[in-house]
Every structure is written in structure tokens, then in C-alpha cells.
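Being a predicted model, the structure only gives us computed values, none of them experimental.
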Amino acid sequence: TAGGLLQVRGVTYRYIGYKRGSSLVLKYHNLHEDEDEYIQRIFDPETGEIKFSEALTRAQFPVMTDVLDELEQLTSR
């Protein structure tokens with residue numbers, strides 16, 4: 001538990017977000033051979049090109065609600 005809350009940790013993750021009627025907006029995953037290799041990518045929703053990419057640690061990898069908040073922020077522009 002963390003702060004009295006129960007948490008679940010999976011082994012492999014993939015969060016993919018699209019803007020309706022548009023291209024891919026963001027992707028988080030650890031689908032590489034090394035399951036401790038976490039990747040974050042943000043895409044231009046008009047062109048589909050990568051605007052930002054970085055490797056994350058397991059502790060930096062967001063939970064689903066954080067990804068939904070980020071997706072909402074990226075698509076409200």
C-alpha cells in the first residue's frame with residue numbers, strides 16, 4: 001500500500017491515446033525485451049510524427065488516470 005491505498009502493479013503496459021478523427025497523440029509502453037525499459041512518446045495529432053520521446057523508469061511510469069489527464073490536456077488544444 002501507498003498512503004493507505006491498495007495498488008496493483010502489472011508486468012507489461014501499453015497506453016495509447018488518439019484524438020477522435022485524428023492520429024495517434026500519445027503512447028506509453030514497456031513492450032521491449034527489457035520489461036524495465038519504459039517509453040513515453042507524444043505525437044503531432046495532425047501529422048502523426050513524434051514530437052517528444054523519452055525513456056522512463058518504472059517509478060516515473062504514470063498510472064491510467066494520469067495518462068487520461070495528459071491525453072485530455074493534449075487534445076483540448
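His29 is linked by a side-chain hydrogen bond (donor to acceptor under 3.5 Å, both in side chains) to Arg41, counting only residues two or more places apart in sequence or in another chain. For Glu49, the side-chain contact (heavy atoms from CB on, under 4.5 Å) criterion is met by Thr47, not counting sequence neighbours. Under the side-chain contact (heavy atoms from CB on, under 4.5 Å) criterion, Asp66 pairs with Pro62, Val63, sequence neighbours left out. Annotation: side-chain hydrogen bond (donor to acceptor under 3.5 Å, both in side chains) contacts of Tyr28 (sequence neighbours excluded): Gln40, Glu70.
Grouping Ile, Leu, Val, Met, Phe, Trp and Tyr residues whose side-chain heavy atoms lie under 4.5 Å apart, directly or via other members, leaves Leu31 alone, with no other cluster members. Grouping Ile, Leu, Val, Met, Phe, Trp and Tyr residues whose side-chain heavy atoms lie under 4.5 Å apart, directly or via other members, places Ile50 in a hydrophobic cluster with Ile16, Tyr18, Leu24, Phe43.
Closest non-hydrogen pair, Lys19 versus Val25, comes out as N-CG2, 3.5 Å.
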**OP:** Apply side chain to side chain contact (heavy atoms under 4.5 Å, CB included) to Asn30 and Thr12, showing your working.
**Re:** CA-CA 6 Å; Asn30 74 330; Thr12 57; 3.9 Å; yes
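Side chain of Asp44 to main chain of Lys51: no donor-acceptor pair is present (N/O by atom type, distance under 3.5 Å, no hydrogens or angles).
Note on Met64: it clusters hydrophobically with Leu56, by side-chain heavy-atom contacts below 4.5 Å among ILVMFWY residues. Side-chain heavy atoms closer than 4.5 Å link hydrophobic residues (I, L, V, M, F, W, Y) into clusters, and following such links, even through other members, never connects Ile39 to Ile42.
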